[in-house]
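What you see below is based on every heavy atom in this structure, not just the backbone, and it leaves out hydrogens, waters and symmetry mates.
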Amino acid sequence: MTVGAGDVAYAEDDDDLAAIKAQIRQLEGRVLAIENRRHERLSQERGRLPSPERNVRSSSGAKAASSRMVTRNMTASKSDIAFHDEQKPVPFFHMGASFPTGMNSRQPASAPEKQGMDLSSSSPLAITQTDVDRLPPVFSIGNISVKIGGFLELSNIWRDSNMTSGPATAWNNFPYANSPNHGLSEERLSSQLSRLSTLLEANPTPSTRLQAYIESDFGGAGGTTNSVQVNGYTPRLRQGYFTFTQNDWGFHLLMGQAWSLTTAYAKGVLPRSEQLPAVTDNNQIPGITFTRVPQIRIGKDWGQKYWLALSIEDPQATVAYSSSMTSGGRLPAVGAESEGPRVYYSNSGGVLLNPETQYTDNPVPDIVLKGAVDTSSGHYEVFGLARWFRSVIQSPGASHTHKDTQFGGGVGGAMTVPLGTPKLQLAGNIIAGEGIGRYGPSLLPDTTFNSRGQLTPIPELRGALGLIGHPDKSVLLYAYGGVETAGRRRYTAADGHQYGYGVSDQNLGGCDVEFGTCNAQTRTLASFTTGGWWHFLDGQWGSVMGGVQYTYIRKFAFRGNDGMGNSVYPTTSGNTVYVTFRYLPFQ
């Protein structure tokens with residue numbers, strides 16, 4: 001039989017194919033051996049005894065067995081080798097991945113799933129802030145994970161007196177009956193409180209954490225902002241800080257703008273754990289401690305149970321006086337003097353500050369020292385606040401000025417406790433001292449002037465108590481009562497009239513007469529607030545919640561007279577109603 005060229009070609013192909021198959025079997029055997037050794041080594045490293053494996057077969061039937069063994073071992077050991085140092089490093093930019101702790105971690109860990117809305121606490125972060133800590137990373141840059149949080153909001157605000165105010169109520173500004181705005185209702189729609197936050201996290205070692213947090217809304221207003229054509233309100237910085245935590249030492253460091261350490265906390269003294277009322281008004285409620293300031297904070301914890309923190313903070317001071325008194329003006333003369341002292345206490349804002357605002361001459365930052373304890377029966381804390389106030393004085397007849405610094409401050413405490421059931425909590429706070437008005441939402445004054453031109457801290461007491469209930473996991477109800485009250489700091493000048501704060505010889509008879517003159521000084525603000533939230537939509541596209549709130553406030557002035565020798569005590573009241581809807585796309 002004659003062998004053709006095609007038959008020769010087929011024979012050569014068969015030989016090549018047989019050789020390739022033999023090489024594949026040999027490679028499969030090597031892969032199986034390597035995977036067995038790796039599996040045994042990783043099992044020993046994890047403290048597990050390696051499961052015995054059958055010897056590699058060399059017979060003609062080894063191919064199928066080897067294939068099954070390779071598949072089983074690769075599947076079983078996939079999670080074991082995910083963090084092995086021989087793997088490829090993670091890409092510099094990675095979408096949707098978080099990273100394990102440790103400096104040598106290179107492979108991305110599986111991203112945590114998005115957690116549902118949590119309204120079970122006395123101050124749910126999904127309401128009071130943005131709850132960004134509970135969210136999975138959106139992407140990672142190198143070994144830094146990036147989380148994004150926030151919400152879009154629409155609020156309808158109604159007040160029974162016109163204050164020409166957005167979604168933050170200036171509680172001390174409710175007008176007396178002499179104003180045409182008294183009893184003139186106000187209604188506004190606003191989306192200014194829509195909020196966006198970003199949290200960056202990194203773990204250089206298993207016990208070390210670095211975080212950077214920034215949070216903003218649209219509560220600012222530029223010089224050209226108006227509501228005629230477009231409501232172009234400007235972004236503002238709410239919070240912006242970075243933290244360093246060393247868990248083995250219980251050491252915590254914060255630098256940047258955050259809620260003051262004087263703010264009540266629900267647990268510990270760590271940022272984004274503040275005990276903020278779950279209310280809709282952006283100015284919260286009277287009686288709480290309320291301010292966000294630049295600060296440097298150092299903290300220490302013992303077993304996440306006992307806490308101690310020291311903060312250096314930089315708020316401005318507020319000054320009040322019974323007559324018109326601008327920085328650089330003269331006070332009334334006292335005694336036999338022909339003129340009073342000239343005082344300087346503030347200046348217009350300069351570079352990167354608001355030129356339309358006066359900034360007080362603070363000599364040093366405020367100092368806050370707080371201790372806290374977390375127990376099975378609740379969270380408790382106490383703190384002390386130290387402040388300093390400075391003025392520049394030109395005494396009567398003097399040709400030069402001199403500086404004067406006065407001390408103020410106070411002590412306070414707070415608690416958050418469950419009332420026999422996780423569905424009901426009681427939260428309260430209190431602070432008493434002198435020169436502490438700036439730390440409250442009603443902005444009662446910190447200081448006034450005495451007869452020598454010195455800034456004199458005004459005594460004040462402030463407190464609030466709240467009851468928070470959770471009849472259902474998607475419903476939160478609350479009721480708060482709050483009070484802020486100030487004392488007197490006054491003197492009598494050569495003209496026989498009283499000056500300072502809390503004077504009692506003013507003619508206040510016009511406070512109850514339309515277009516009458518009323519220079520009443522606030523003595524006390526008392527309020528009651530009730531409302532609730534309903535988280536009524538949840539899914540992979542985000543969450544939607546709605547809130548309703550009612551606040552009643554009563555303002556009491558210091559005593560005056562009606563011009564005919566009769567004492568008068570001007571008062572006024574206000575009612576506010578909020579209806580709010582929020583869409584939280586990341587929740």
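Between Val544 and Phe536, the closest side-chain pair of non-hydrogen atoms falls below 4.5 Å. Looking only at side-chain heavy atoms (C-beta outward), Gln358 and Ser348 come within less than 4.5 Å of each other. Looking at heavy atoms from C-beta onward, Thr243 lies out of side-chain contact with His252 at the 4.5 angstrom threshold. A heavy-atom distance below 4.5 Å is found between the side chains of Leu426 and Leu467. Side-chain atoms of Tyr480 and Ile288, non-hydrogen and from C-beta on, never get closer than 4.5 Å to each other. No side-chain heavy atom of Val382 sits under 4.5 Å from any side-chain heavy atom of Val411. Thr551 places none of its side-chain heavy atoms less than 4.5 Å from the side chain of Thr169. Counting only heavy atoms from C-beta outward, the side chains of Thr360 and Thr447 never approach each other to under 4.5 Å.
Side-chain N or O atoms of Ser123 include one that pairs as donor or acceptor with a backbone N or O of Leu276 at under 3.5 Å. Remark: side-chain polar atoms of Ser260 are paired, donor with acceptor, to backbone N or O of Thr262 under 3.5 angstrom. The closest donor-acceptor contact from the side chain of Gln425 to the backbone of Ser120 lies under 3.5 Å. Panel note: side chain Glu313, backbone Leu261; a donor-acceptor pair is recorded below 3.5 Å. Formation of a donor-acceptor pair under 3.5 Å by the Asp538 side chain with backbone atoms of Ser543 is not found in this model. With Thr421 contributing its side chain and Leu424 its backbone, the two residues share no donor-acceptor pair below 3.5 Å. Although no hydrogens or angles enter the test, the distance criterion places no donor-acceptor pair under 3.5 Å between the side chain of Arg272 and the main chain of Asp133. With hydrogens and angles disregarded, a donor-acceptor distance shorter than 3.5 Å links the side chain of Thr530 to the backbone of Tyr478. Under the 3.5 Å distance criterion, the side-chain polar atoms of Gln295 are matched with a main-chain donor or acceptor of Trp259. Thr448 contributes a side-chain N or O that, together with a main-chain N or O of Ala320, makes up a donor-acceptor pair within less than 3.5 Å.
Counting only N and O atoms by type, the side chains of Tyr344 and Asp361 include no donor and acceptor under 3.5 Å apart. No hydrogens or angles considered: nothing links the side chains of Thr485 and Glu460 as a donor-acceptor pair under 3.5 Å. In this model, a donor atom of one side chain and an acceptor atom of the other lie less than 3.5 Å apart for Thr280 and Gln549. If you check the side chains of Gln587 and Arg582, you find no donor sitting under 3.5 Å from an acceptor. For the residue pair Thr291 and Arg438, a side-chain donor N or O sits within less than 3.5 Å of a side-chain acceptor on the partner. In this structure, a donor-acceptor pair under 3.5 Å is absent between the side chains of Thr289 and Thr263. With no hydrogens or angles considered, no side-chain donor-acceptor pair links Glu274 and Thr128 at under 3.5 Å. Between the side chains of Ser207 and Gln246, at least one donor N or O sits under 3.5 Å from an acceptor N or O.
Looking at every heavy atom in both residues, Gln239 comes nearest to Leu237 through O-CD1, 3.3 Å. Of all the heavy atoms in Leu210 and Pro204, the pair that sits closest is CD1-CG, 4.0 Å. Gln406 and Pro457 make their closest contact through CB-CD, 4.4 Å (heavy atoms, listed as atom of the first residue, atom of the second, distance). Nearest heavy-atom pair across Asp281 and Asn283 is OD1-N, 2.8 Å. Shown here for Pro363 and Thr405, the closest heavy-atom pair between the two residues is CG-CG2, 4.0 Å. Between Ile468 and Ala427, the shortest heavy-atom distance links the atoms CD1-CB, 4.1 Å.
The existence of a salt bridge linking Asp217 and Arg238 is confirmed by a sub-4.0 Å separation between a basic side-chain nitrogen and an acidic carboxylate oxygen.
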Decide yes or no on side chain to side chain contact (heavy atoms under 4.5 Å, CB included) for Glu381 and Gln275, but give the supporting numbers first. CA-CA 12 Å; Glu381 60 184 54; Gln275 176 61 53; over 6 Å; no

When you look at Thr524 and Glu484, which way does the side-chain hydrogen bond (donor to acceptor under 3.5 Å, both in side chains) test go after all the steps? CA-CA 6 Å; Thr524 300; Glu484 300 186 28; over 6 Å; no

Hey, mind stepping through Leu270 and Trp307 against side chain to side chain contact (heavy atoms under 4.5 Å, CB included) and telling me if it holds? CA-CA 9 Å; Leu270 299 180; Trp307 305 78; 3.8 Å; yes

Walk me through whether Ser191 and Glu153 qualify under side chain to side chain contact (heavy atoms under 4.5 Å, CB included). CA-CA 5 Å; Ser191 291; Glu153 175 178 300; 6.0 Å; no

Evaluate Val475 against His535 for side chain to side chain contact (heavy atoms under 4.5 Å, CB included), listing each step before the verdict. CA-CA 6 Å; Val475 176; His535 173 216; over 6 Å; no

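Using bins of under 30°, 30° to 60° and over 60° for the plane-to-plane angle, the ring pair Tyr213/Tyr241 lands in the tilted bin.
Note that OH of Tyr359 and CG of Asn354 are 5.0 Å apart. Values are rounded to the nearest 0.5 Å. A distance of 12.0 Å separates CG of Asp118 from OG of Ser474, quoted to the nearest 0.5 Å. The OG atom of Ser145 lies 8.5 Å from the CD atom of Gln211; values are rounded to the nearest 0.5 Å. Separation of atoms CG (Leu254) and CZ (Phe244) is listed at 13.0 Å; rounding is to 0.5 Å. We find the OG1-CG distance between Thr318 and Leu443 to be 6.5 Å, quoted to the nearest 0.5 Å. Rounding to the nearest 0.5 Å gives a distance of 10.0 Å between OG of Ser197 and CD1 of Ile214.
For Tyr583, the OH atom is densely surrounded, since the number of other residues' heavy atoms within 6.0 Å is greater than 12. In the displayed structure, Lys300 atom NZ is contacted under 6.0 Å by more than 12 heavy atoms of other residues, nucleotides or ligands. Applying the 6.0 Å contact sphere to OH of Tyr380 captures more than 12 heavy atoms from other residues, nucleotides or ligands.
Of the candidates Val373, Asp374, Val269, Asp374 is the only one forming a side-chain contact (heavy atoms from CB on, under 4.5 Å) with His379.
Remark: Lys305 is not positioned above the aromatic ring of Trp302, lacking an NZ or CZ atom under 6.0 angstrom from the ring centre and at most 45 degrees off the axis.
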